[in-house]
Structures are given as structure tokens and as C-alpha cells.
2 protein chains.
Amino acid sequence: MGLTKTEMFTDLQNEIALFSKAFGHPARVAILQHLFKIEGCICGDLVEEIGLAQPTISQHLKELKLLGLIKGNVEGTSICYCIDEENWTNMKKVMLQFLDQDIANKKCC
Amino acid sequence: MGLTKTEMFTDLQNEIALFSKAFGHPARVAILQHLFKIEGCICGDLVEEIGLAQPTISQHLKELKLLGLIKGNVEGTSICYCIDEENWTNMKKVMLQFLDQDIANKKCC
DNA sequence: TAAGTTCATTGCAATATTACGATTATATAT
DNA sequence: ATATATAATCGTAATATTGCAATGAACTTA
């Protein structure tokens, strides 16, 4: 059905899934890496850097912005996108909590 | 088109995206959390624990297994699934490298 | 052997995602 | 006002994902 049953999971589980989904496409990974490398950025750059069409990049940026991981400031005719450091730090905490789990005992396998 | 153009990205970017995709569904997050909490596990448990139908859980397990994050050993009529610690550690390295990036300079925004 | 248990696979329907051409907004410059 | 530049939005096509009923495979027990 393509419809995730979010109501049967905890808020934390859904949050982890949402962040992960954002990183679940190499274009968005590349965009974020680029935004980290350069101090601030413009969408046009990304279209060249990544190699996808402008509407596609714009759509990926929108998703990242909706999640709060990046923010965009109007700067003349172009828009300056950059990492939202505070939200990125919060996201990192949530993700690390998940990734850094240790195995309890281990009886089988 | 629903088709990710993986060929235009680096291996690392695609790897990060693949791992993230696996975590991009709350059921798979819940499965992994459960496998961490309990030492080894059986699929039947998960069906009760998670609340989705058995074929659905089985499918999620298959994806996680394909990625190498979990492994399953036959144990009588049931199968004991558990975290593949070595691969989990490797995955963690890749993901941390991505999540722990720091901003270069920061000129705008 | 027959019945039961457990999990995988198949097949399908519904929804989501990805990508891009065409168009539209917004601002700047002439 | 007109032209230009940049990025968002719309519309659409193709593919992917999610979920489950039905079925199948493998093993255990009576």
C-alpha cells in the first residue's frame, strides 16, 4: 500500500525514521556534504555540483528545509542555503542514541 | 520517475543513503531496537511486538539482512535473528563520519 | 503419515518517491 | 517598462515502497 503505519510506533521511532529518510537519497547526502564544506551556498551551485535538474534539486532542498536541517535566506535574486546548526545538533543526538546502542547479552547467533 | 540516479554520486554517498534508507521506516527502527534489547530473537516475537502482519515483518527483516545489519540462524522451526555486530560497527563509522561534520566557516545565514 | 508451527515467498493494490519540462514568481538591472 | 537571472511550483510519467491475504517450504511432534 505504500503507506507507513506511523501510529503504531513511538514518536522517537518515527523521528529516527524521518531523519533517516531524509538521508536516504544520495542527492540529499551530497547537498548536505556540500553545505558543510562551503560556508553557505546558493541553489544554482548545487545544480552544477550535483548534476540533477534544477526542479529536482529544489525539491530535495524543500524536504531538507521542511525537516529543519537546512535554512534558506533570500540574498538578492538568489537564495543562500545553509545547515541549521542547532537542529542538526539535535538530530545528531537522536540518531546517535539509536546508532550507539550496545547489545545486551547475546545468547545465540 | 522514482528511480534514483546512483551513478552520479560517490560510493560513500550511495552507501550512506542505503543505510539511511534502511532506517527510514519506523518498523525497521523498532525491529533493530528490539534486537538490541533482547539477546537474539525470533520473528514471531517481532510480529507481536511490532503489530504488523507476519509477511510484512518478514519483508523488513529481509531488507535488513540483505544490508548485513542483522543475521539469522535457523533454530528448530524458528529462526533466531540478531544484530551483526561487526557490520553494525562498520555502518556506524560511515554514518558518524557523515553526521559529525562540522561547518567550515559560516559567512552567511 | 498427518497435523501443527514458524517463517519465506508470491501476487497484488494503494500510496510514495524521484525526476524533469514547462511555467510561474520574485528580484535586479537596463 | 523590459529583459535577465534565480529558484519555486505545477503537472506528469516512471519506478519504488509498504502492507497483507494466500500459499508454500521446512521442520517438529503426535
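So that the names make sense, note that chain A is the first sequence line, chain B the second, and so on, each numbered from 1.
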Note to self: Is it the case that the side chains of A:Q13 and A:T10 hold a donor-acceptor pair, with the cut-off being a distance below 3.5 Å and no angle test?
What the structure shows: yes

With sugar-phosphate meaning primed atoms plus P, OP1 and OP2, does [X] contact a base, only sugar-phosphate, or nothing at under 4.0 Å between heavy atoms?
{"X": "A:K21", "answer": "sugar-phosphate"}
{"X": "B:T4", "answer": "sugar-phosphate"}
{"X": "A:T56", "answer": "base"}

Notebook entry, point to check: Toward the 5' end of DNA chain D, which comes first, A:T6 or A:T77, by nearest nucleotide?
Noted result: A:T77

Is it the case that the side chain of [X] and the backbone of [Y] share a donor-acceptor pair, with hydrogens and angles ignored and the cut-off at 3.5 Å?
{"X": "A:R28", "Y": "A:A22", "answer": "yes"}
{"X": "A:T56", "Y": "A:L52", "answer": "no"}
{"X": "B:D84", "Y": "B:K71", "answer": "no"}

Just the rounded figure in Å: distance from [atom2] of [N] to [atom1] of [X].
{"X": "B:E63", "N": "C:dA8", "atom1": "CD", "atom2": "C1'", "result": "14 Å"}
{"X": "A:R28", "N": "C:dA19", "atom1": "CZ", "atom2": "C1'", "result": "12 Å"}
{"X": "B:I57", "N": "D:dT17", "atom1": "CD1", "atom2": "C1'", "result": "15 Å"}
{"X": "B:L66", "N": "C:dT9", "atom1": "CG", "atom2": "C1'", "result": "15 Å"}
{"X": "B:I79", "N": "D:dT28", "atom1": "CD1", "atom2": "C1'", "result": "15 Å"}
{"X": "B:H25", "N": "C:dT17", "atom1": "NE2", "atom2": "P", "result": "11 Å"}
{"X": "B:N73", "N": "C:dC7", "atom1": "CG", "atom2": "C1'", "result": "15 Å"}
{"X": "B:E75", "N": "C:dT6", "atom1": "CD", "atom2": "C1'", "result": "13 Å"}

Looking at [options], which one has an atom nearest to any side-chain atom of [X]?
{"X": "B:I42", "options": "C:dT6, C:dC7, C:dA19", "result": "C:dC7"}
{"X": "A:H60", "options": "C:dA8, C:dA19, D:dA8", "result": "C:dA19"}
{"X": "A:L52", "options": "D:dA7, C:dC20, C:dT5", "result": "C:dC20"}

Next item on the list: Output all residues satisfying salt bridge (charged side-chain N to carboxylate O under 4.0 Å, His left out) with A:E49, sequence neighbours left out; order by chain, then residue number.
Entry: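 In terms of salt bridge (charged side-chain N to carboxylate O under 4.0 Å, His left out), with neighbours along the sequence ignored, A:E49 is linked to no residue.
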
Item checked: Side-chain N or O of A:S58 closer than 4.0 Å to phosphate OP1/OP2 of D:dA8 ->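 True: A:S58 side-chain N/O within range (under 4.0 Å) of D:dA8 OP1/OP2.
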
Checklist line | Residue-phosphate contact under 4.0 Å: A:Y81 side-chain N/O, D:dA8 OP1/OP2 | finding: yes

Could you write out each protein N or O paired with an N or O of nucleotides 10-14 of chain C at a distance under 3.5 Å?
{"unit_1": "C:dA13", "atom_1": "N1", "unit_2": "A:M1", "atom_2": "N", "d": "3.3"}
{"unit_1": "C:dA14", "atom_1": "N3", "unit_2": "A:M1", "atom_2": "N", "d": "3.4"}
{"unit_1": "C:dA14", "atom_1": "N3", "unit_2": "A:M1", "atom_2": "O", "d": "2.6"}
{"unit_1": "C:dA14", "atom_1": "N3", "unit_2": "A:G2", "atom_2": "N", "d": "3.2"}

Check: What about the rings of B:F19 and B:W88, do their centers lie closer together than 6.0 Å?
Finding: no

Note to self: Applying salt bridge (Lys or Arg N to Asp or Glu O under 4.0 Å) as the test, list every pair that has at least one member in residues 1-21 of chain B; sequence neighbours left out.
What the structure shows: none

